[in-house]
Amino acid sequence: MKKFLPLILASALFLCSFTTFRQETGEGYAGVTSARTPTDTERGGTIWTRTFPSAQGKYSYNSDPILCDAMIYIANDTTLYELDKRDGTIRRTLPLTARTDSVCHMLLEGDRLMIPLSGGRIQCVDIRTMTSLWQSKALGGQSLSTLFYQDGYLYAGTVNMLSGTDSTGVFYCIDTRNGSTQWTYEDPEHPGGYYWSGAVSHKDILYFAGDNGILVSHSLTTDQVYDTAVLTDRARIRSGLTFHQDTDSLYTADTDGVIYRIPLSGSEYSFPGKIQKDEILSGSAVPGAAFLNCTSTPSVWNGRLYVGSIAEGFGHLSVLDAETLSLIYTVQGERSAEIKSSPLISTGYSSDENHNRVHVYVSANNIPGGIYYLTDDSTCTEGRLQTLYTPAAARQFCMSSIAADIDGTLYYSNDSNTLFAVSEVEKSSDRTDPPIPQSPVPTTAPDRSPSPASPPTPAPKAKKPAAKTKKPQKPLRLRAARKKKKVRISWKKQKITQTILYIKYSKRGKWKKRIIRSKTSCTLSVKKKKVLYFRLRSRIRSGSKWICSGYTNTYKIKCSS
C-alpha cells in the first residue's frame, strides 16, 4: 500500500500540504497544487521572513520546509526549528546529532519527521513532543538525495565525491520503526553516488537512479535487484524520478538536459520489475544548445512536462509533450540564472473555459534569488517568465523548489538562510522592516557540491488586499480522524458561507457531494478495506446564484479494519 496523507487512527493529526520534496508519494501529480497561488506581480511580497544563523565562518543552508496546518518545520546546520505559520515565530527547537548537508530533503510521515544528516544517516523526530526517536547507522558520504516512504520503510541514497565529477554512493532502505538498515545497494562495476536524485515506487517495486546513469528496479523490502537499464553513459542523473499516472510512466533528466520517459505498463507481466528498455523515450530540454546543464526534476500535468535548465548561459524553463517528449516551447530567463528547482504547477485557476490554464513557479540560481512564474495552457506555444517576488534585503543565489500551502502561500529559501512566506500583500514585510541580517553575499554562486571527504522578532503579518472577485475562501485547518468504522472531518469555515464536502472511494470514482450549511464538521460511516478520498469547498449566495471557492487539496484515508 502507498503512503496516505494522512494515515490517521483514533487521534486526529494535522493535514499537511507538503510532507516531502514535491509531495512525491508514487501516486502521481508530484509538484502540483490545486491552491490559488499568487499571480499579481505588483502585489507579490512576503507575509513574513525568517533568517537562521550560520556558524562563524561556515555556510549552512535551509532544508525544504515541511508545511503543516499551523506549523512549519525546517532544519539548518545542527538545529531543527518549529515555526508558527502565521508569523514565522520560532516556537520550539531541537539540536540534531549531526549537521545537515548543503541540500536537505526532509520527509514527514504521520508525526515522525525524517531528517537526512551528514555522514549518510537519518534522524527521526517526533514532532508532537519534539524529541528524537532514533538515528540510523552512518553509511558515509553526504545525504543529498530525496527521501521516499512506503509502508513503514524509508528509502534514500548517499554520495561521496572522489575527484572531478566521479562519485560513489550507497542506496539504502531503513525500517522506520527503529531506524535499522533493511538493505543497501551499490554497483561496484559502475560506481556512482546519489546526488539530488532519489526513488519512487510503482506497484510495489522501487525505482532509483544516480550518477552512473543507470535506472534500477529493486525489491521494496529485500536485497533483490529486479532489473537495470542504462539511461545515459556520458552524463549523470542528478534529478529525481517523477511518476505520472496518466501516462503510467516515470520521468527524469540527465545533466546534459536529456529528458527520459520510462513506461511502466506491462512490466509486471514479464517478470516483476522488468524495465521495458525498448520503450524508453528521450527528448532534449533545449534542442541544439551547445552547452546545456539540467538538474531540475520534471513536473507533469495535463499532457505537458515542465523542467528547468541552463542553456547557452541563460536559465530556461522548457515545456515538452509528456507523451512524445517533443519540445513545445522553451522560455529564456536571466543570464547565469540556472533554473535548478523543480517546477511547482498551480491548477487553482484552471477551467475548461481557459484551456486548463496553470501557473508554473520556479526559482533561479543567481542573485537576487526570487520567485518567477510562467502562465501556460493547453493551447500555448510560447510564453514568458514573470517576476512574482524579489527579495529586498536577503538577496542571494537560490536552488530551492517552491512549496505551496493549501491557502496558496508560497514558501522557499535562498542561500541567505532566509525562509520566505510569499503571497499577494499591500506591503511586503521585508520592504517595511529593518534589513534582514545575513552573511556576506558572494559574487559567484557558493559551491554546494559534495566535498571529496564528507564531515562525519518576526515581521508583522502584512495585511492581504481585498479579494479581486466575490469568491469565498476555501475551508481552512482541515483535520480528519478515524475511529473504528467512522471518520470525522472538521475544518474552519469562513463567515456566512456554507461548506460542500465531496467524497469517493476510488481514484476514478464519481464524486458525491454533501451540503453542510452551518456546521464545521461531518462524521462519515466508511467502507472497510477501501480508501476514502475527500475534498471541500466553500460557497456563498449572491442574489439567486451561488459562488463557490476553489477546491482544497484531495486527501485520502485508509479505511481498513
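Values below: all heavy atoms of this structure, side chains included; hydrogens, waters and symmetry mates excluded.
Side-chain contact check for P343 versus L317: some heavy-atom pair is nearer than 4.5 Å. Side chains of T37 and L388 form no contact here, defined as non-hydrogen atoms less than 4.5 Å apart. Looking at heavy atoms from C-beta onward, W48 lies in side-chain contact with L83 at the 4.5 angstrom threshold. Two residues are said to be in side-chain contact when any heavy atoms from C-beta on lie closer than 4.5 Å; W301 and V358 meet this criterion. With a 4.5 Å cut-off on side-chain heavy atoms, D101 and P116 do not count as touching. Under the 4.5 Å side-chain criterion, counting only non-hydrogen atoms from C-beta, Q498 is in contact with I515. A heavy-atom distance below 4.5 Å is found between the side chains of T297 and R22. In this structure, the side chains of L410 and Y373 stay at 4.5 Å or more apart for every pair of heavy atoms.
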Step-by-step side chain to side chain contact (heavy atoms under 4.5 Å, CB included) determination, Y412 to L344
CA-CA 11 Å; Y412 81 108; L344 171 71; over 6 Å; no
Does Y61 form a side chain to side chain contact (heavy atoms under 4.5 Å, CB included) with T100? I'd like the steps, not just the answer.
CA-CA 8 Å; Y61 302 93; T100 56; over 6 Å; no
Just do the side chain to side chain contact (heavy atoms under 4.5 Å, CB included) check on L220 and Y153 with the steps written out, would you?
CA-CA 8 Å; L220 287 171; Y153 294 95; over 6 Å; no
Does the side-chain hydrogen bond (donor to acceptor under 3.5 Å, both in side chains) test come out yes or no for N553 and S34, once each step is laid out?
CA-CA 6 Å; N553 285 359; S34 61; 3.1 Å; yes
N417 vs S60, test: side chain to side chain contact (heavy atoms under 4.5 Å, CB included). Steps then yes/no.
CA-CA 7 Å; N417 284 2; S60 64; 3.2 Å; yes
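To the nearest 0.5 Å, atom CG of residue L113 and atom SG of residue C124 are 7.5 Å apart. Interatomic distance, CD1 of I503 versus OG1 of T554, reported as 13.0 Å (0.5 Å rounding). A distance of 10.0 Å separates CD1 of I127 from CE of M71, quoted to the nearest 0.5 Å. Between the CZ atom of R121 and the OG1 atom of T97 there is a distance of 6.0 Å, given to the nearest 0.5 Å. Between atom NE2 of residue H244 and atom CG of residue N302 there is a gap of 8.0 Å, rounded to the nearest 0.5 Å. Separating the CG atom in L96 from the CG atom in L80 is a distance of 6.0 Å, to the nearest 0.5 Å.
Within a 6.0 Å sphere centred on CZ of R91, heavy atoms belonging to other residues, nucleotides or ligands number more than 12.
With E24 contributing its side chain and G26 its backbone, the two residues share a donor-acceptor pair below 3.5 Å. Although no hydrogens or angles enter the test, the distance criterion places a donor-acceptor pair under 3.5 Å between the side chain of S538 and the main chain of Q473. The backbone N or O of R539 sits nowhere less than 3.5 Å from a side-chain atom of T497 that would complete a donor-acceptor pair. Looking at R304, its side chain does come within 3.5 Å of a backbone N or O of S378 through a donor-acceptor pair. S118 places no side-chain N or O within donor-acceptor distance of the main-chain N or O of R99, the cut-off being under 3.5 Å. With hydrogens and angles ignored, the 3.5 Å screen pairs no side-chain donor or acceptor of Q386 with any backbone N or O of T41. Under the 3.5 Å distance criterion, the side-chain polar atoms of T242 are left unmatched by any main-chain donor or acceptor of S299. Panel note: side chain S143, backbone L117; a donor-acceptor pair is recorded below 3.5 Å. Between the side chain of R535 and the main chain of Y551, no donor-acceptor pair closer than 3.5 Å is present. Not a single donor-acceptor pair under 3.5 Å links the side chain of N62 to the backbone N or O of N76.
Partner F171 forms a ring pair (Phe, Tyr, Trp, His ring centres under 6.0 Å) with one of Y207, Y155, F148, Y194 and no other, that one being Y194. Just one residue in the list S342, S401, C398 forms a side chain to side chain contact (heavy atoms under 4.5 Å, CB included) with S363, and that residue is C398. Screening Y361, Y372, F420 against Y389 for a ring pair (Phe, Tyr, Trp, His ring centres under 6.0 Å) leaves a single residue, F420. When the options T46, T49, D430 are evaluated for a side chain to side chain contact (heavy atoms under 4.5 Å, CB included) with T418, the one that passes is T49.
The nearest pair of heavy atoms linking N414 to Q396 is ND2-N, 3.7 Å. A pairwise comparison of heavy atoms in H202 and D248 identifies CE1-OD1, 3.0 Å as the closest pair. Taking all atoms of both residues into account, the shortest heavy-atom contact from R514 to T523 is NH1-O, 4.1 Å. The shortest non-hydrogen separation linking S413 to I74 is OG-CD1, 4.0 Å. Between Y411 and A421 the shortest heavy-atom distance is CE2-CB, 3.5 Å. Here the closest heavy-atom approach between residue G370 and residue P391 is recorded as CA-CD, 3.8 Å.
The aromatic rings of F21 and H105 sit tilted, their planes meeting at an angle between 30° and 60°. Using cut-offs of 30° and 60° on the angle between ring planes, the pair Y502 and W511 is perpendicular. Relative ring orientation between H359 and Y349 is described as perpendicular, the plane-to-plane angle rising above 60° on a 0-90° scale split at 30° and 60°.
Here R43 does not pair with E424 in a salt bridge; the nearest charged N to carboxylate O distance is not below 4.0 Å.
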